[in-house]
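This report concerns only the one structure given below.
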Amino acid sequence: MTDIVLGLLALLVVALLLVSLLRPRRERSRPGQSLCDFPVEDLLPRNLQYFAQVRRALSAEDAQYLHDRASRPVARRALGVRRAVVRGFLAGLLEDFQRLERLGRAIAALSPVISRKQEFERLWLGVRFRLVYAVVQFYLAFGLVSVPQLEALTNQVGSLARRLHEAMAALSAASAAAQNSHVSV
Amino acid sequence: MGMTPVELLNFTLQTCLQSLLFALVLFRGLYRRLPFFSAYATVAFVNIALAIIVYTHFGFHTVPAYYFNLWASAVQISARSLAVAELCYDGLRAYRGIWAFTFRFLLALTAIFLIHGVIDAYNQKSHLFTFAVTIESDAGIASVAILIALLLVRHYYGLQMEQLQRQLAIGLCFLCLMEAVGDSVFQRFLVRYAVHPPWSTWIFQVHDVWSFIRTWAVFVALGIWCFALRRPLEARAPAPVLLPAEAYNQLSPEINYRLRMLNERLLGMMKP
């Protein structure tokens with residue numbers, strides 16, 4: 001009886017997996033497109049530009065002002081709002097990380113030769129980032145994350161974005177030229 | 001010994017659907033695009049035609065019909081496995097780098113399931129029917145696993161399936177999954193109880209339920225494939241314009257380096 005129950009559970013899991021994988025995705029690019037058809041803006045980070053506002057929201061001066069002028073319930077509520085802002089920003093950073101990942105996958109998908117080592121490494125980095133991100137969210141809930149740490153993380157994402165934007169522009173131009181020569185042949 | 005009314009109805013329905021699929025495969029010219037899937041549909045159609053001859057001449061619940069069904073199933077499962085392999089190749093071959101990377105992985109997965117299937121079936125060699133059910137079950141599980149691996153790779157790299165490929169894959173997944181589960185459950189009953197005759201009457205009831213599930217899984221799969229071929233085939237999407245190899249060699253390590261740094265930085269946020 002246990003075998004049958006386990007078998008049915010396995011069947012349910014597999015069926016759900018198949019349904020989610022076989023469902024058509026409208027937002028994905030159609031097969032057969034070239035790199036110049038990928039909207040670059042969708043592949044590069046966007047949320048890091050809001051860090052200045054987040055930094056202001058988390059500044060020590062703001063915290064001191066609240067401590068000196070506001071009542072305890074108001075200060076506590078403000079602290080909760082500030083943490084929510086940072087949580088939202090971290091969610092945005094996760095989104096930016098995912099965009100960079102997608103960029104890596106898009107380049108791999110359109111390459112004639114790819115490296116197993118690079119692909120497995122990127123897969124592992126994605127899994128690890130999400131696991132660590134979940135833990136950081138937990139730390140954030142207890143106020144254990146500081147502004148300088150957030151700033152350093154944002155700078156990392158930003159510098160990669162600038163470098164990749166330049167490379168994507170060059171690749172899009174090369175891809176468009178290749179497509180034109182392919183059509184004319 | 002002839003068929004019961006329910007068996008006759010099921011057989012008639014299967015004959016009609018199988019014939020319709022074969023006709024659609026020919027009429028739509030699917031053999032030009034997916035020759036192995038077309039071969040599978042043809043094999044299934046020929047099996048049905050031969051089954052009519054065998055059942056008419058020898059009867060339904062007879063020894064010749066039993067051996068015919070075993071061999072027909074073996075040929076059909078082989079053809080279906082090739083159709084699954086073709087679906088993998090057809091969907092990814094335009095993406096040369098991804099295909100070269102995935103092909104080895106799918107081949108390794110196939111080898112693992114093949115070895116497991118051989119060992120599993122060898123343990124049941126003393127009883128032919130159990131042996132056949134074990135082979136069918138393992139082939140179904142292998143097909144589902146390979147299709148899931150293919151779909152995961154496509155999902156990971158953001159490669160959409162063409163409508164036709166998706167519908168054929170849905171039918172194959174459903175059929176292989178139902179067969180694998182039904183055969184696995186039935187095989188357990190056979191191993192535990194059927195090798196010690198006399199068989200109790202309930203084993204025949206289990207067999208009837210198993211047959212019912214298999215038959216209707218075939219109907220659903222055939223219905224999905226006929227629905228997929230109801231209209232003329234769409235023109236194939238143009239092949240993607242691939243990047244030069246240097247682009248990947250240049251950018252991928254840098255992306256990975258930055259992702260690694262992001263990981264380290266995020267990890268650093270947990271440190272006091």
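Residue numbers start from 1 in every chain, and the chains themselves are labelled A, B, ... in the order their sequence lines are given, proteins ahead of strands.
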What is the minimum heavy-atom distance between Leu125(A) and Asn263(B), and which atoms define it? O-ND2, 3.2 Å
State the CG-CG distance between Leu100(A) and Asn256(B), to the nearest 0.5 angstrom. 11.0 Å
All heavy atoms of Leu159(B) vs all of Ala109(A), minimum pair found to be CD2-CB, 4.2 Å
Assess, by modelled atom type and distance only, whether the side chains of Glu119(A) and Tyr157(B) contain a donor and an acceptor separated by less than 3.5 Å. yes
Taken to the nearest 0.5 Å, the spacing of Arg116(A) CZ from Arg104(B) CZ works out to 5.5 Å
To the nearest 0.5 Å, what is the distance between CG on Leu259(B) and CZ on Phe129(A)? 8.5 Å
Please determine whether side chain to side chain contact (heavy atoms under 4.5 Å, CB included) holds for the pair Tyr248(B) and Ser115(A), giving the CA-CA distance in whole Å, both sets of side-chain angles, and the decisive distance to 0.1 Å. CA-CA 9 Å; Tyr248(B) 179 83; Ser115(A) 158; 4.1 Å; yes
If you compare all heavy atoms of Pro112(A) against all heavy atoms of Pro244(B), which two are closest, and at what distance to 0.1 Å? CD-C, 4.4 Å
Between Val113(A) and Asn249(B), does the side chain to side chain contact (heavy atoms under 4.5 Å, CB included) criterion hold? Intermediate values first, please. CA-CA 9 Å; Val113(A) 177; Asn249(B) 295 334; over 6 Å; no
Got a sec: does the CZ of Phe36(B) have more than 12 other heavy atoms crowding it under 6.0 Å? no
Any residue of residues 141-152 of chain B which, by heavy atoms, sits under 4.5 Å from chain A: Val144(B), Ile148(B), Leu151(B), Leu152(B)
Within 45° cone and under 6.0 Å: Arg105(A) NZ/CZ vs Tyr156(B) ring: yes
Using distance alone, with no hydrogens and no angle criterion, decide if Arg122(A) and Ser252(B) have a side-chain donor and acceptor under 3.5 Å apart. yes
Using the side chain to side chain contact (heavy atoms under 4.5 Å, CB included) criterion, which residues pair with Trp124(A)? Sequence neighbours excluded. Val127(A), Arg128(A)
Where on Ala245(B) is there a heavy atom nearer than 4.5 Å to chain A: the side chain, the backbone, both, or neither? both
Please name the pair of heavy atoms, one in Ile107(A) and one in Ile255(B), separated by the smallest distance, quoted to 0.1 Å. CD1-CD1, 4.1 Å
Residues in ring pair (Phe, Tyr, Trp, His ring centres under 6.0 Å) contact with Phe105(B), at least two apart in sequence or another chain: none
Side chain to side chain contact (heavy atoms under 4.5 Å, CB included), that's the test. Do Leu110(A) and Val241(B) meet it? Break it down for me. CA-CA 7 Å; Leu110(A) 294 174; Val241(B) 177; over 6 Å; no
Under a 4.5 Å heavy-atom criterion, the part of residues 218-231 of chain B in contact with chain A comprises none
